[in-house]
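Values reported hereafter were calculated over all heavy atoms of this structure, with side chains retained and with hydrogens, waters and symmetry mates removed.
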Amino acid sequence: SAGMLSREIEKRTVFLVMSRPISRQQFVVGRYLGMLMTLTTLLLAMTLLYGLQLLAFKVEPTAAMGAALLGLWVELWLLSALGLLLSASAGQLVAALSCVGVYLMGHSSPDLFALSQRADAPLLAKVCRALYAVVPNLDRLDYRVEASWSASIDWREVLSSMATGAAWTVLFITIASLVFARRDFR
């Protein structure tokens, strides 16, 4: 997703699509939904293979495994939307590296918060608090540890995390649409 829109502009294929009676916002949302359908299909295929493995090893599926799959699905929504946003505003390399950086910071959000609480340097504490506030907390969507230990799941927390991930997704797609609508293709 990090190179999708920028690649369309570089190869000039965007002109062919934009000659149709669709708006730039519809183009961005359509590209996102198509990408999301592909990722969902791949995730379902991997889930099927995982289910076959569970059957082969006679392991009972748990609610934590379901929560881990749902969390991964929402994380795919969010990171795809972020990649699309970055692709609308930057080149492929910058977008890809930025997306990886947000992924790493998003999974380190609890550490950023803890560092902001323990930092002796006031500037470091402020930077960590700012990053914690503006980077999506992807750690909230990660239930892999719970799934591996068959831990109990609080479904209200899972749904709250999914809603937060969906809100970030909508925000990123909205901003990507606005950026792409104002972008000059020359």
Side-chain angles (χ1 to χ4, degrees), residues 1-8 11 13 27-88 92-115 131-132 134-174 176:
S1 69
M4 183 179 281
L5 294 179
S6 58
R7 192 170 40 246
E8 294 266 355
K11 291 186 176 186
T13 55
F27 176 75
V28 170
V29 171
R31 284 290 182 202
Y32 175 74
L33 292 176
M35 181 176 38
L36 193 60
M37 285 175 39
T38 303
L39 289 172
T40 300
T41 302
L42 292 171
L43 183 63
L44 288 174
M46 288 188 289
T47 302
L48 178 67
L49 291 174
Y50 181 65
L52 291 174
Q53 252 186 337
L54 291 176
L55 282 174
F57 290 106
K58 296 178 177 43
V59 175
E60 286 291 319
T62 64
M65 291 177 189
L69 285 169
L70 288 173
L72 179 60
W73 190 40
V74 174
E75 189 173 336
L76 286 172
W77 297 354
L78 195 152
L79 290 172
S80 298
L82 175 64
L84 200 65
L85 167 60
L86 294 169
S87 179
Q92 291 180 26
L93 182 63
V94 172
L97 291 175
S98 299
C99 203
V100 169
V102 169
Y103 171 82
L104 293 173
M105 283 191 292
H107 277 287
S108 301
S109 287
D111 298 329
L112 283 172
F113 184 74
L115 184 59
L131 284 173
Y132 182 76
V134 299
V135 173
N137 187 351
L138 299 177
D139 204 49
R140 286 189 64 192
L141 295 168
D142 187 6
Y143 292 95
R144 290 176 292 188
V145 172
E146 289 85 349
S148 63
W149 291 99
S150 299
S152 63
I153 294 295
D154 178 8
W155 284 101
R156 288 177 297 203
E157 180 186 330
V158 173
L159 293 175
S160 170
S161 299
M162 290 177 68
T164 303
W168 277 104
T169 300
V170 169
L171 176 68
F172 289 153
I173 291 297
T174 302

Salt bridge (Lys or Arg N to Asp or Glu O under 4.0 Å) contacts touching residues 136-145 (sequence neighbours left out): D142-R144
Flag, side chain of S160 to backbone of R156, donor-acceptor distance under 3.5 Å: no
Looking at P136 and V102, what are the two nearest heavy atoms and their distance? CD-CG1, 4.1 Å
Closest heavy-atom contact between A176 and V28? CB-CG1, 4.2 Å
Nearest atoms (heavy-atom pairs only) where C99 meets L79: SG-O, 3.8 Å
Calculate, to the nearest 0.5 Å, the distance between atoms CE and OG belonging to M65 and S150 respectively. 5.5 Å
Between A63 and W155, the two heavy atoms sitting closest are O-CZ2, 3.5 Å
Does N137 have any side chain to side chain donor-acceptor pair (under 3.5 Å) partners at least two apart in sequence or in another chain, and if so, which? none
Shortest non-hydrogen pair, S87 vs A95, comes out as N-CB, 3.9 Å
Nearest-0.5 Å distance that lies between atom CG in L39 and atom CG in L72: 9.5 Å
Sequence neighbours excluded, which residues qualify as ring-ring contact (aromatic ring centres under 6.0 Å, His included) partners of Y143? none
To the nearest 0.5 angstrom, please state how far the CD1 atom of I173 sits from the CG atom of L84. 5.0 Å
Counterpart residues, side chain to side chain donor-acceptor pair (under 3.5 Å), relative to W73 (two or more places apart): T40
Run L86 and V94 through side chain to side chain contact (heavy atoms under 4.5 Å, CB included) and show every step you take. CA-CA 8 Å; L86 294 169; V94 172; over 6 Å; no
Taking only residues at least two apart or on different chains, which pairs with a member in residues 58-82 satisfy salt bridge (Lys or Arg N to Asp or Glu O under 4.0 Å)? none
Separation between CH2 of W77 and CZ of F172, rounded to the nearest 0.5 Å: 14.5 Å
Just jot down the ring-ring contact (aromatic ring centres under 6.0 Å, His included) partners of Y50, sequence neighbours excluded, or say none. none
Just how far is it from atom CG of L82 to atom CG of L171, taken to the nearest 0.5 Å? 10.0 Å
Measuring from L112:CG to L131:CG, what's the distance to the nearest 0.5 Å? 6.0 Å
Determine yes or no for a side-chain-to-main-chain donor-acceptor pair under 3.5 angstrom, with S109 supplying the side chain and G106 the backbone. yes
